[in-house]
Amino acid sequence: MTKVRVRFAPSPTGELHIGGARTALFNYLFARRNSGTFVLRIDDTDLERSKEEYTEKLMEALQWLGLEWDEGPFYQSNRLNEYISEVNRLVAEKKAYRCYCSVDELAAGRELARKENRAYLYPGTCRQHFPEEDDHRSKAGIKPAIRLLTPEDGETIVYDLIRGEVHFDNRGLDDFIILKSNGQPTYNFASVVDDLQLKISHVIRAEEHLSNTPRQVLCAMALGYQLPTYAHVPMILAPDRSKLSKRHGATSVEEFRNLGFLPEALINYMALLGWSPGAEDGVSELIGIEHMIELFSLARVGKTAAVYDTDKLTWMNGQYLREYDLDRLAEAARPFFIKHGFLRENPGEMELHFLKAVIAVVRERAKTLIELAEKSFYFYSDDFAYDQKALDKAFKNKGVAAILLDIAGLLKALNTFDQNVTETVFNEYCAKNNISPGKVIQPVRLAITGLGGGPGLFEIMELLGPARTIRRIQQAAASIRNTPQ
RNA sequence: GGCCCCUUCGUCUAAUCGGUUAGGACACCAGCCUUUCAAGCUGGCAGCAGGGGUUCGAAUCCCCUAGGGGUCACCA
């Protein structure tokens, strides 16, 4: 068996989106599952659109997701000599030829084909002009592009692990350009040279590349190398079933990160888009990366494009949020708390300790880190309005202000303020006055949090401490008295 | 338009060689639990794109139609 070597080869023309990230994930899982090597390559042959900052962001996103690569990054822009020498070889072997057709000429041909409603194929104008005849043109300073000489009939077959044999009629393939007149290789060529020279055993990539694969197969055959095995994974579509783009809201890994999703949740969610672990009944879909590596197989990758659904991602994130290691969660949540002004840029020991305590309580009802921070506001600010619905429910009863004042008085008399003590105080008060606990707890909750729901009241009070708790209860009582019923 | 791929609940998916009341998850609805809100538990709603074959029997195999997606550049 040849050693498994796979690659993820993004072009640095934008942020890493969920489709690319999932392709990277599948490559990673496949490599790990088969004790292979995961190579990162940056396909930056398009000088116009490639940007270094995107390369940085791409790598940052991969690292954040935990998809560590074993080799690379290799840059196509650094490998120009390899491509040129391979192109020269093909020209020398008469498997490729110089083309002097102008861009305008070609565009006109395409335009005509479009008008006549037929597919455009390069007519092979320059096929006959083998080297000698080109001399005078090159002397005139015209730079040629190089085209691959492709077969006129027969078929090219792509062997795909997910789709089986895919046949392409060679009559539908023309002599495409492998080296542009500016001296840069085209994607189809550079990619093949790299895959071959890097000894990639399996090319796992998105389905959008399937139609280009016969061209790559032709390149590889002309170059005389052994072909890698292909696996074209289904696309991830936007909710409107179209290809992902900016107008679809959050699509990039970075955006999901900023929206408060955890990398493990995103990984878990993406893995299930197209791949299925086998789905026996009652088996959880919550799968950590290690378990995923054990279970992964391309045979269980489906053929249908998936529409991503943020609801399920959100649910999954909530699941991870609850189980996460508290220290790591606090670390991940920090920026979100800072953004709300709940935390300083360089918080001290005490603040971090308090942060963890708050998170431990609030995370039970948050699904994203944004929500986690938002739902923690009353631990950091006295300045909040009462929720109207909760107010109508909890503050409307006649004796509420008096009850609040009673409670404030009882709390004030306490030496210790932990949740066991305060709960006992509440219970005794209710029993003595024959009031149901809810009639006391809910108004107090509203007084100290402004909300009708949330964590256990006694947990909140302990975290908040006696001073703030009592003050808020007294203020609530006062505001009820001052409001005409 | 040519070529290529695809088609199971709203969404993600399962159903190894054709025989299942077509299963699970998210979302949604209801109930239970609870000081509340979540979580959790229980139950419910909901699908084989359509039409022909083949077969005793088809979600599963074949053909056609429809729909979706991809690709056809001196982009990747």
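Quick note on labels: first sequence line is chain A, next is B, and so on, each numbered from 1.
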**Q** Should we say atom NZ of Lys95(A) is surrounded by more than 12 heavy atoms from elsewhere, each under 6.0 Å from it?
**A** yes

**Q** Taking the ring centre of each residue, are Phe377(A) and Phe384(A) less than 6.0 Å apart?
**A** yes

**Q** Assign His209(A) to base, sugar-phosphate, or nothing according to its heavy-atom contacts below 4.0 angstrom with the strands shown.
**A** base

**Q** Watson-Crick or G-U wobble partner for C45(B), using a 3.5 Å limit on both distances?
**A** none

**Q** Rounded to whole angstroms, how far apart are CD1 on Ile178(A) and C1' on C75(B)?
**A** 17 Å

**Q** Please verify the inter-ring angle class for Phe256(A) with Tyr308(A); under 30° counts as parallel, over 60° as perpendicular, anything in between as tilted.
**A** perpendicular

**Q** Under 4.0 angstrom, heavy atoms only, what part of the nucleic acid is Arg445(A) near: base, sugar-phosphate, or nothing?
**A** base

**Q** If we call it a pair only when both distances are under 3.5 Å in a Watson-Crick or G-U wobble match, what pairs with A15(B)?
**A** none

**Q** Return the nearest nucleotide to the side chain of Leu272(A); candidates are C12(B), G69(B), C4(B).
**A** C12(B)

**Q** Could you check whether Gln319(A) gets within reach of a base, just the sugar-phosphate, or nothing at all, counting any heavy atom under 4.0 Å?
**A** sugar-phosphate

**Q** Rounded off to whole Å, could you give me the CG-to-P distance for the Asn188(A) and C75(B) pair?
**A** 11 Å

**Q** Contact class for Phe426(A) vs. all strands (heavy atom < 4.0 Å): base, sugar-phosphate, or nothing?
**A** nothing

**Q** Which base sits across from U7(B) as a Watson-Crick or G-U pair, both distances under 3.5 Å?
**A** A66(B)

**Q** When you measure from the side-chain N and O atoms of Lys312(A) to the phosphate of C12(B), is any distance below 4.0 Å, counting only OP1 and OP2?
**A** no

**Q** Does C74(B) have OP1 or OP2 sitting under 4.0 Å from an N or O in the side chain of Lys143(A)?
**A** no

**Q** If you look at every strand shown and take non-hydrogen atoms under 4.0 Å, does Glu208(A) touch a base, only sugar-phosphate, or nothing?
**A** sugar-phosphate

**Q** Once you round it to whole Å, what is the distance between P of A27(B) and CE of Met316(A)?
**A** 11 Å

**Q** Starting the side chain at C-beta, find the nucleotide from U11(B), C74(B), G24(B) nearest to Glu285(A).
**A** G24(B)

**Q** Taking the C1' atom in each of A25(B) and C62(B), what is the distance between them to the nearest angstrom?
**A** 34 Å

**Q** Please give the distance between the C1' atoms of U8(B) and U20(B) as a whole number of Å.
**A** 14 Å

**Q** Report yes if the side chains of Ile267(A) and Leu25(A) come closer than 4.5 Å at any heavy-atom pair, otherwise no.
**A** yes

**Q** Relative to the 5' end of RNA chain B, which residue comes earlier, Leu457(A) or Ala306(A), by the nucleotide with the nearest heavy atom?
**A** Ala306(A)

**Q** Could you tell me whether Asp194(A) and Arg7(A) have a side-chain N and a carboxylate O separated by less than 4.0 Å?
**A** no

**Q** Could you check which of A76(B), U35(B), G69(B) has an atom nearest any side-chain atom of Tyr187(A)?
**A** A76(B)

**Q** Please state the P separation for the pair C61(B) and G19(B) - nearest whole angstrom.
**A** 11 Å

**Q** Would you measure the distance from the C1' atom in C28(B) across to the matching atom in G10(B) and give it in whole Å?
**A** 10 Å

**Q** Would you say the side chain of Arg365(A) and the base of C37(B) hold a donor-acceptor pair, judged only by whether the two atoms sit under 3.5 Å apart?
**A** yes

**Q** If you pin Lys375(A) and Leu313(A) to their nearest nucleotides in RNA chain B, which one's is more 5'?
**A** Leu313(A)

**Q** Indicate the atoms forming the closest heavy-atom contact of Tyr378(A) with Pro455(A), along with that distance.
**A** OH-CD, 3.2 Å

**Q** Identify whether any heavy atom of Asn212(A) sits under 4.0 Å from a base atom; if not, whether one sits that close to sugar-phosphate; answer base, sugar-phosphate or nothing.
**A** base

**Q** Answer yes if the ring centres of Phe458(A) and Phe426(A) are under 6.0 angstrom apart, and no otherwise.
**A** yes

**Q** Identify whether any heavy atom of Val103(A) sits under 4.0 Å from a base atom; if not, whether one sits that close to sugar-phosphate; answer base, sugar-phosphate or nothing.
**A** base

**Q** Using the C1' atom as the reference point in each nucleotide, state the distance between U13(B) and G70(B) in Å, no decimals.
**A** 22 Å

**Q** In whole angstrom, what separates Asn170(A)'s CG from C4(B)'s P?
**A** 12 Å

**Q** Counting only side-chain heavy atoms from C-beta out, which of C74(B), C72(B), C5(B) sits nearest to Arg110(A)?
**A** C74(B)

**Q** Using distance alone, with no hydrogens and no angle criterion, decide if Gln388(A) and Asp392(A) have a side-chain donor and acceptor under 3.5 Å apart.
**A** yes

**Q** Would you classify Lys243(A) as touching base, sugar-phosphate or nothing, given that sugar-phosphate means primed atoms plus P, OP1 and OP2, and contacts are heavy atoms under 4.0 Å?
**A** sugar-phosphate

**Q** Side chain of Ser276(A), heavy atoms from C-beta onward: which of G69(B), C26(B), A14(B) has the nearest atom to it?
**A** A14(B)

**Q** Does the structure show a Watson-Crick or G-U wobble partner for U71(B), both distances under 3.5 Å? Name it, or say none.
**A** G2(B)

**Q** Counting the atoms with a prime plus P, OP1 and OP2 as sugar-phosphate, which does Ser181(A) contact under 4.0 Å by heavy atoms, base, sugar-phosphate, or nothing?
**A** base

**Q** Classify the nucleic acid contact of Gly172(A) as base, sugar-phosphate or nothing, counting any heavy atom under 4.0 Å across all strands shown.
**A** nothing

**Q** Whole-Å distance between C12(B) C1' and Ile287(A) CD1?
**A** 12 Å

**Q** Pro437(A) has a side chain; which of U35(B), G69(B), C12(B) sits nearest to it?
**A** U35(B)

**Q** To the side chain of Gln76(A), which of A76(B), G24(B), A39(B) is closest?
**A** A76(B)

**Q** Whole angstroms only, please: what is the OH-P distance between Tyr320(A) and C26(B)?
**A** 14 Å

**Q** In whole angstrom, what separates Ile236(A)'s CD1 from U11(B)'s C1'?
**A** 13 Å

**Q** When you get a sec, tell me which of U35(B), C4(B), C74(B) is the closest nucleotide to the side chain of Lys180(A)?
**A** C74(B)

**Q** In whole angstrom, give me the gap between the C1' atoms of A15(B) and C48(B).
**A** 11 Å

**Q** Just compare U35(B), A76(B), C26(B) and give me whichever is closest to any side-chain atom of Ser11(A).
**A** A76(B)

**Q** Determine the contact category for Ile177(A): base if any of its heavy atoms lies under 4.0 Å from a base atom, sugar-phosphate if only primed atoms, P, OP1 or OP2 are that close, otherwise nothing.
**A** base

**Q** Ring centroid separation for Trp275(A) and Phe26(A), is it under 6.0 angstrom?
**A** no

**Q** Closest to the Ser211(A) side chain: U71(B), C5(B), G10(B)?
**A** U71(B)

**Q** Under 4.0 Å, counting only non-hydrogen atoms across every strand here, what does Gly274(A) touch: a base, just sugar-phosphate, or nothing?
**A** sugar-phosphate

